[in-house]
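Atoms considered below: every heavy atom in the structure, side chains included; atoms not considered: hydrogens, waters and symmetry mates.
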Amino acid sequence: KKTTLLIAIAFSGLLALLLFQSDTSTEHTSDSDPAPNRSALPSFSYRDILENDEFKTGMQQAVHNSDIEKAKALQQRALEIAYAADLPETEISLLSGDRGLSYMQFLAKRQLFSQAFERRYKGLEGIQDIKLIYPEAKDLFKQSDLLIAKRDAAINDIARELANGQDTTPFIELAKQQWLLLNQ
């Protein structure tokens with residue numbers, strides 16, 4: 001019975017992480033996003049530039065270090081690629097100017113929140129302080145809190161199982177260790 005419970009808890013933890021990551025990686029769309037023209041669709045779009053691992057990592061570092069010059073250099077490089085790829089002017093305008101830079105920084109902050117959340121989730125820590133650091137991810141806070149609550153409930157379930165009807169307090173640390181082992 002304990003093994004079945006532990007496997008179920010581990011599976012639910014893994015599923016929660018996968019669902020969170022897939023939800024946080026959804027693309028930002030707005031009314032100003034260009035509608036694709038199927039006949040003249042380029043081989044890639046501005047989103048491909050922004051989602052490039054090298055670009056994302058660089059922008060995240062720039063945002064984390066408050067390095068506006070590095071952020072502007074990355075924006076300039078993104079624009080060079082967009083022009084070289086002959087992207088439509090509507091897409092190039094999304095990357096241009098202060099508005100484009102703000103959008104790139106906004107995306108980086110959301111990515112940084114997601115990374116911090118994942119570390120905290122796996123490390124059995126809370127997330128209140130990172131909510132304050134990355135308010136740009138406020139639409140993710142409710143889901144993040146639910147995942148933390150489910151994680152903590154799973155740990156309490158493990159502790160109850162280990163306690164076998166006794167007080168669970170002495171078993172919480174052991175339950176956390178088992179949860180960590182199951183969710184590596």
Criterion side-chain contact (heavy atoms from CB on, under 4.5 Å) on Ile81 and Arg77, from CA distance to verdict: CA-CA 6 Å; Ile81 293 168; Arg77 182 68 182 130; 4.0 Å; yes
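- With sequence neighbours excluded, the residues that form a side chain to side chain contact (heavy atoms under 4.5 Å, CB included) with Ala71 are Met59, Ala62, Leu101, Gln105.
- The shortest heavy-atom contact between Gly58 and Leu74 is C-CD1, 3.2 Å.
- Between the side chain of Asp48 and the backbone N or O of Ser45, at least one donor-acceptor pair lies under 3.5 Å.
- Residue Thr57 holds its OG1 atom at 13.0 Å from NE2 of His64, rounded to the nearest 0.5 Å.
- Taking OH from Tyr46 and OG from Ser96, the interatomic distance works out to 12.5 Å, rounded to the nearest 0.5 Å.
- Residues Ile155 and Lys176 approach most closely at CG2-CG, 3.8 Å, considering heavy atoms.
- When the side chains of ILVMFWY residues are joined at heavy-atom separations under 4.5 Å, either directly or via intervening members, Tyr103 and Tyr83 end up in a single hydrophobic cluster.
- The distance from atom CD of Gln177 to atom CD of Glu173, rounded to the nearest 0.5 Å, is 6.5 Å.
- When all heavy atoms of Ala78 and Ile49 are compared, the pair lying nearest together is CB-CG2, 3.6 Å.
- The side-chain heavy atoms of Phe117 and Leu147, taken from C-beta on, include a pair separated by under 4.5 Å.
- You'll find the side chain of Lys109 stays beyond 4.5 Å of the side chain of Ile133, heavy atoms only.
- Across all non-hydrogen atoms, the minimal contact from Leu162 to Gln178 is CD2-NE2, 3.9 Å.
- Residue pairs that meet the ring-ring contact (aromatic ring centres under 6.0 Å, His included) test with at least one member in residues 139-172, sequence neighbours left out, are Phe113-Phe141.
- In this structure, Asn65 places its CG atom where more than 12 heavy-atom neighbours from other residues, nucleotides or ligands lie under 6.0 Å away.
- Annotation: Glu54, atom CD; neighbour count of heavy atoms from other residues, nucleotides and ligands within 6.0 Å does not exceed 12.
- A salt bridge links Asp157 with Arg160: the closest approach of a Lys/Arg side-chain nitrogen to an acidic carboxylate oxygen falls below 4.0 angstrom.
- Nearest approach of Met104 to Leu95, heavy atoms of both residues: CE-O, 3.5 Å.
- Formation of a donor-acceptor pair under 3.5 Å by the Glu136 side chain with backbone atoms of Leu107 is not found in this model.
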Residue pair Arg120, Asp129: steps toward the side-chain contact (heavy atoms from CB on, under 4.5 Å) verdict: CA-CA 11 Å; Arg120 298 288 184 87; Asp129 60 328; 2.7 Å; yes
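- Side chains of Tyr121 and Ile148 form a contact here, defined as non-hydrogen atoms less than 4.5 Å apart.
- Annotation: side chain of Asn156 is in contact with side chain of Ile172 (closest heavy-atom distance under 4.5 Å).
- In this structure, the side chains of Arg47 and Leu50 stay at 4.5 Å or more apart for every pair of heavy atoms.
- Rounding to the nearest 0.5 Å gives a distance of 9.5 Å between CG of Asp53 and CD of Glu51.
- Taking 4.5 Å as the limit, every side-chain heavy atom of Ile127 sits out of range of all side-chain heavy atoms of Arg119.
- Under 3.5 Å, the side chains of Gln61 and Lys70 contain a donor-acceptor pair of N or O atoms.
- If you take OG on Ser144 and CD on Gln128, they are separated by 10.0 Å, rounding to the nearest 0.5 Å.
- Closest approach of Trp179 to Arg151, counting heavy atoms only: CZ2-CG, 3.4 Å.
- Separating the CZ atom in Arg110 from the NZ atom in Lys138 is a distance of 10.0 Å, to the nearest 0.5 Å.
- Within the 4.5 Å cutoff, the side chain of Gln111 has no heavy atoms near those of the Val63 side chain.
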